[in-house]
A.B. asks: 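Structure provided below as structure tokens; questions to follow.
Worth knowing before you read on, the calculation uses all heavy atoms, side chains too, and leaves out hydrogens, waters and symmetry mates. The sequence lines fix the lettering, A, B, ..., with proteins before strands; numbering per chain opens at 1.
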Amino acid sequence: MSLLSDLRLRGLIHQTTDDEGMDQWLQERPRTVYAGFDPTADSLHVGSLLGLVVLRRFQQAGHKPIAVVGGATGMIGDPSGKSDERNLLSKEALAQNVAGLGEQMRKFLDFDCGSCSAELVNNFDWTGQWSYLEFLRDVGKNFPVNVMLAKDSVKSRLGRSDEGQSGGMSYTEFSYMLLQAYDFVHLNEKFACELQAGGSDQWGNITAGIDLARRMNSVQLRGLTWPLLTKSDGTKMGKTESGTVWLAAERTSPYQFYQYWINVEDADVGNCLRMLTELNQGEIEALEVARENEAGKRESQRRLAEEITRLVHGDEGLSVAQKATEIFFGAEISDLDDSQLRQIFADVPSKQLAKTRLTDGGLAIVDALVEAGLSKSKGEARRTVEQGGAYVNNRRVEGIATQLTAEHLASETVLVLRSGKKKYALLRFE
RNA sequence: GGGGGGUUACCGAAGCGGUCAAACGGGUCAGACUGUAAAUCUGAUGGCUAUGCCUUCGCAGGUUCGAAUCCUGCACCCCCCA
């Protein structure tokens, strides 16, 4: 199956500049394709996943992917789809972010495989060189304002100009499109890049780049967009009550990441499997059937979580996430050492207490719950225990009189407390 | 400026001299059920060294053997008349 028909089948194609010819064009010879990534944080998040996955597929099909980090455009802010003007970032912060993103991209793209090696470039490297006058002369001249005003991203903002300070659009933001358009021209000149891919909200920017290349260099470039990945309730993927789901393990632990996918709604999981994983059509269909017959097993979610977590955090990250899942959902805790426990419970609050608290008859379970922050008062702790909601190392505590001693330690120094179904805390005795 | 009503625990809201740590509903926390879903059901819900003790009913005083409940003053809120 050709790359493009596979992408189509997976629902990854929203629009192309060349519906009839592109498939053929891609099969003729290896092409160079680029997609942009937002550098407003030092980590990518679930929202960037689609772009990475698409570039990865292009590379697997023998094409050369370029990931462009918008160091320059990030300083300005893309108006597309944003209701308000974005905060500007300092140069230093951007440089740091760009470095972080590159690290994560290595998991998706091969940067060392000869002619189709991926490239990571920062558009600040070329955009930063421009003088204002040069830019106006060489680039700005090619942008008819009336065409720009007709773009949806601009129109929607101008319509709000009477709504006080947040309405309207600054000249800086208005210029964003020019910068991004020039990126395409530059990449075409330097890497012979002929195709830009992006989310459907990027269509306007992509076509602007194609127009500019035609005017400046008389070349015909191409564009392709993927649909925005949204949930069945219309909200964005990748957000939880506690915030964004990041790809960096320091920001979102592998366990939390894995759990995010495990908890995807039935209505969304099919889309996610098709768009984000590399499972083939047959496997995806089999999961679909399984989902209809035995929805309760949630095999699709499990598979989805497994695939994506492996891609982002590697086999090791996946196995920690799975082990943690097993434990967080009731498996008794045994045969684990300090470092394993710490890794698994990385997200869980912990408190250090003196080792001596465990000697001399031990530490009352009620006090332990309060110390660990699982109960606000001893009364509340007592209630929890009496109602059967307190667990030590995932074993239910029987009786209010329980005293914790060294025998209750799960590993050398750590004891795992739990209140209710999911609230955990660690006590470290050192 | 005058008249009336209000202020109760996390929130809403009963209580109007002892049996009030204070009904009821929501929330929250546990438990059961379940698909790590939704719904439902059950229990708990001021603190503690705990069959008792301590601190709470806007704030400060007072009456009384005894006050969330009565009286006085103060603060804030709402309504009506100027």
A.B. asks: Among residues at least two apart in sequence or on other chains, which ones pass side chain to side chain contact (heavy atoms under 4.5 Å, CB included) with Asn188(A)?
C.D. replies: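 Asn188(A) satisfies side chain to side chain contact (heavy atoms under 4.5 Å, CB included) with Glu194(A), Val219(A), Leu221(A) only.
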A.B. asks: Quick one: list whatever passes side chain to side chain contact (heavy atoms under 4.5 Å, CB included) with Thr225(A), sequence neighbours left out.
C.D. replies: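 Residues passing side chain to side chain contact (heavy atoms under 4.5 Å, CB included) with Thr225(A): His14(A), Gln15(A), Ser200(A), Trp203(A), Ile206(A).
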A.B. asks: Using OP1 and OP2 only, check whether a side-chain N or O of Lys423(A) sits under 4.0 Å from rC29(B).
C.D. replies: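 No, no such contact exists.
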A.B. asks: Measure the distance from NZ on Lys422(A) to P on rG35(B) and round it to the nearest whole Å.
C.D. replies: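 For the pair Lys422(A) NZ and rG35(B) P, the rounded distance is 14 Å.
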A.B. asks: Considering every strand shown, what is the Watson-Crick or G-U wobble mate of rG73(B) when both distances are under 3.5 Å?
C.D. replies: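 rG73(B) is paired with rC59(B).
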A.B. asks: Can a donor-acceptor pair be found between the side chains of Tyr176(A) and Gln180(A) at a distance below 3.5 Å?
C.D. replies: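 Distance-only check passes for Tyr176(A) and Gln180(A).
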A.B. asks: Enumerate the residue pairs fulfilling salt bridge (charged side-chain N to carboxylate O under 4.0 Å, His left out) with a member in residues 298-309 of chain A, sequence neighbours excluded, ordered by first and then second residue.
C.D. replies: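 Applying salt bridge (charged side-chain N to carboxylate O under 4.0 Å, His left out) to every pair that reaches into residues 298-309 of chain A, excluding sequence neighbours, yields Glu283(A)-Arg303(A), Arg303(A)-Glu307(A), Glu306(A)-Arg310(A), Glu307(A)-Arg310(A).
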A.B. asks: Determine the Euclidean distance between corresponding P atoms of rC79(B) and rC59(B); express it in Å to zero decimal places.
C.D. replies: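 Result for the P pair: 24 Å, nearest Å.
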A.B. asks: Sticking with atom C1', work out how far rC24(B) lies from rG17(B), rounded to a whole angstrom.
C.D. replies: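 The answer is 23 Å between these two C1' atoms.
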A.B. asks: Assess the pair Tyr34(A) and Phe191(A): is the distance between their ring centroids shorter than 6.0 Å?
C.D. replies: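 When the ring centroids of Tyr34(A) and Phe191(A) are compared, they turn out to be at least 6.0 Å apart.
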A.B. asks: Calculate the interatomic distance between Tyr424(A) atom OH and rU36(B) atom C1'; express it in whole Å.
C.D. replies: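 Rounded to the whole Å, the gap is 12 Å.
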A.B. asks: On RNA chain B, compare the nucleotides closest to Val370(A) and Gly296(A); which residue's is nearer the 5' end?
C.D. replies: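 First, find each residue's nearest nucleotide; the 5'-ward one identifies Gly296(A).
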A.B. asks: Can you give each donor-acceptor pair under 3.5 Å made by side-chain atoms of residues 287-294 of chain A, sequence neighbours left out, with the distance rounded to 0.1 Å?
C.D. replies:
| residue | atom | partner | partner atom | Å |
| --- | --- | --- | --- | --- |
| Arg291(A) | NH1 | Ser300(A) | OG | 2.7 |
| Asn293(A) | ND2 | Val289(A) | O | 3.4 |

A.B. asks: Is any side-chain nitrogen or oxygen of Ser419(A) closer than 4.0 Å to OP1 or OP2 of rA30(B)?
C.D. replies: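 True: Ser419(A) side-chain N/O within range (under 4.0 Å) of rA30(B) OP1/OP2.
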A.B. asks: Give me, pair by pair, the N or O atoms of the protein and of nucleotides 40-46 of chain B that are less than 3.5 Å apart, along with how far apart they are.
C.D. replies:
| residue | atom | partner | partner atom | Å |
| --- | --- | --- | --- | --- |
| rG43(B) | N2 | Gln387(A) | OE1 | 3.1 |
| rG43(B) | N2 | Gln387(A) | NE2 | 3.2 |
| rG43(B) | N3 | Gln387(A) | OE1 | 3.2 |
| rA44(B) | O4' | Gln387(A) | OE1 | 3.1 |
| rA44(B) | O2' | Arg383(A) | NE | 2.9 |

A.B. asks: For a quick test of your reading: what N or O donor-acceptor pairs under 3.5 Å do the side chains of residues 1-10 of chain A make, sequence neighbours left out?
C.D. replies:
| residue | atom | partner | partner atom | Å |
| --- | --- | --- | --- | --- |
| Ser2(A) | OG | Ser5(A) | N | 3.1 |
| Ser2(A) | OG | Ser5(A) | OG | 2.3 |
| Ser2(A) | OG | Asp23(A) | OD1 | 3.0 |
| Ser2(A) | OG | Asp23(A) | OD2 | 3.1 |
| Ser5(A) | OG | Ser2(A) | O | 3.4 |
| Asp6(A) | OD1 | Arg10(A) | NE | 3.4 |
| Asp6(A) | OD2 | Arg10(A) | NE | 3.3 |
| Arg10(A) | NH1 | Arg274(A) | O | 2.9 |
| Arg10(A) | NH1 | Thr277(A) | O | 3.1 |
| Arg10(A) | NH1 | Leu279(A) | O | 3.4 |
| Arg10(A) | NH2 | Leu279(A) | O | 2.7 |

A.B. asks: Please give the nucleotide sitting opposite rG12(B) as a Watson-Crick or G-U wobble pair, both distances under 3.5 Å, or none.
C.D. replies: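 rC24(B) - that is the nucleotide pairing with rG12(B), both distances being under 3.5 Å.
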A.B. asks: Which value, in whole Å, describes the distance between the P atoms of nucleotides rC20(B) and rG26(B)?
C.D. replies: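 Each nucleotide's P atom is 23 Å from the other's.
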A.B. asks: Just to verify, what does Ser232(A) make a side chain to side chain contact (heavy atoms under 4.5 Å, CB included) with, not counting sequence neighbours?
C.D. replies: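 Checked Ser232(A) against side chain to side chain contact (heavy atoms under 4.5 Å, CB included); matches are Ala267(A), Asp268(A).
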A.B. asks: Listed in order of residue number, which residues of residues 244-271 of chain A have a non-hydrogen atom at under 4.0 Å from RNA chain B?
C.D. replies: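 Gln259(A), Ile262(A), Asn263(A), Asp266(A), in order of number.
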A.B. asks: Using the test salt bridge (charged side-chain N to carboxylate O under 4.0 Å, His left out), find all partners of Lys378(A) that sit at least two apart in sequence or belong to another chain.
C.D. replies: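 If we apply the salt bridge (charged side-chain N to carboxylate O under 4.0 Å, His left out) test to Lys378(A), skipping adjacent residues, the hits are Asp367(A).
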A.B. asks: Expressed in whole Å, how much space separates the C1' atoms belonging to rU64(B) and rG58(B)?
C.D. replies: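 The answer is 23 Å between these two C1' atoms.
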A.B. asks: Can you tabulate the close N/O pairs, meaning under 3.5 Å, that link protein atoms to atoms of nucleotides 51-53 of chain B?
C.D. replies:
none

A.B. asks: Please check if the distance between the ring centroids of Phe345(A) and Phe328(A) is under 6.0 Å.
C.D. replies: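 Yes, ring centres under 6.0 Å apart.
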A.B. asks: Nearest whole angstrom, please: distance from the C1' of rG35(B) to the CD of Glu294(A).
C.D. replies: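 In whole Å, rG35(B) C1' lies 11 Å from Glu294(A) CD.
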A.B. asks: Write out all pairs satisfying salt bridge (charged side-chain N to carboxylate O under 4.0 Å, His left out) with one or both partners inside residues 394-403 of chain A, taking only residues at least two apart or from two chains.
C.D. replies: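 Applying salt bridge (charged side-chain N to carboxylate O under 4.0 Å, His left out) to every pair that reaches into residues 394-403 of chain A, excluding sequence neighbours, yields Glu332(A)-Arg395(A).
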A.B. asks: Check every atom of rA30(B), rU36(B), rU34(B) against the side chain of Lys421(A) and return the nucleotide holding the closest atom.
C.D. replies: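 Shortest atom-to-atom distance from the side chain points to rU34(B).
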A.B. asks: Give the minimum heavy-atom separation between Arg222(A) and Phe184(A), together with the two atoms involved.
C.D. replies: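 Nearest heavy atoms, Arg222(A) then Phe184(A): O-CZ, 3.4 Å.
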A.B. asks: Give one of base, sugar-phosphate or nothing for Lys297(A), where a contact means two heavy atoms less than 4.0 Å apart.
C.D. replies: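 Nothing: the residue Lys297(A), judged by heavy atoms under 4.0 Å, touches no strand.
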A.B. asks: Watson-Crick or G-U wobble partner for rG17(B), using a 3.5 Å limit on both distances?
C.D. replies: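 Because no pair has both required distances under 3.5 Å, rG17(B) counts as unpaired.
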A.B. asks: Taking atom P in both rU8(B) and rC57(B), compute the distance separating them and give it to the nearest angstrom.
C.D. replies: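 Per the computed distance, 11 Å lies between those P atoms.
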A.B. asks: Taking the C1' atom of each, how far is rG5(B) from rC16(B), in whole Å?
C.D. replies: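 Here rG5(B) and rC16(B) have their C1' atoms 15 Å from each other.
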A.B. asks: Can you tell me how far C1' of rA30(B) sits from CG of Leu417(A), to the nearest Å?
C.D. replies: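 Rounding to the nearest Å, CG of Leu417(A) and C1' of rA30(B) are 16 Å apart.
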A.B. asks: Counting only Watson-Crick pairs (N1-N3 plus N6-O4 or O6-N4) and G-U wobbles (N1-O2, O6-N3), all under 3.5 Å, who is the partner of rG46(B)?
C.D. replies: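 Result: rC54(B).
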A.B. asks: Establish, yes or no, whether the cationic atom of Arg106(A) lies under 6.0 Å from the six-membered ring centre of Phe111(A) and within 45° of the ring axis.
C.D. replies: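 Yes.
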A.B. asks: Could you tell me how far apart Phe329(A) (CZ) and rA37(B) (P) are, to the nearest whole angstrom?
C.D. replies: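 Checked: the CZ to P distance equals 8 Å.
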A.B. asks: Mind checking the C1' distance from rA13(B) to rU7(B)? Whole angstroms is fine.
C.D. replies: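 The same atom, C1', in both gives a distance of 13 Å.
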A.B. asks: Just how far, in rounded Å, is P of rC29(B) from CZ of Arg418(A)?
C.D. replies: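 Rounded to the whole Å, the gap is 15 Å.
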A.B. asks: Determine the contact category for Arg396(A): base if any of its heavy atoms lies under 4.0 Å from a base atom, sugar-phosphate if only primed atoms, P, OP1 or OP2 are that close, otherwise nothing.
C.D. replies: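 Contact class for Arg396(A): sugar-phosphate only.
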A.B. asks: Can you tell me the Watson-Crick or wobble partner of rU40(B), both distances under 3.5 angstrom?
C.D. replies: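 rU40(B) is paired with rA32(B).
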A.B. asks: Whole angstrom is fine here: how far is it from CD in Glu386(A) over to C1' in rA30(B)?
C.D. replies: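 Atom CD in Glu386(A) sits about 11 Å away from atom C1' in rA30(B).
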A.B. asks: Which residues satisfy the side chain to side chain contact (heavy atoms under 4.5 Å, CB included) test with Thr356(A), sequence neighbours excluded?
C.D. replies: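 With sequence neighbours excluded, Thr356(A) shows a side chain to side chain contact (heavy atoms under 4.5 Å, CB included) to Ala354(A), Thr359(A), given in chain and number order.
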A.B. asks: With a 4.0 Å cut-off on heavy atoms, is Lys376(A) in touch with a base, just the backbone sugar-phosphate, or nothing at all?
C.D. replies: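 Answer is nothing: Lys376(A) stays at 4.0 Å or more from every strand.
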A.B. asks: Give the rounded distance in Å between these two atoms: CD of Glu380(A) and P of rU28(B).
C.D. replies: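 Interatomic distance, CD of Glu380(A) to P of rU28(B): 14 Å.
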A.B. asks: Quote, to the nearest angstrom, the P distance that separates rA68(B) from rU19(B).
C.D. replies: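 9 Å, rounded to whole Å.
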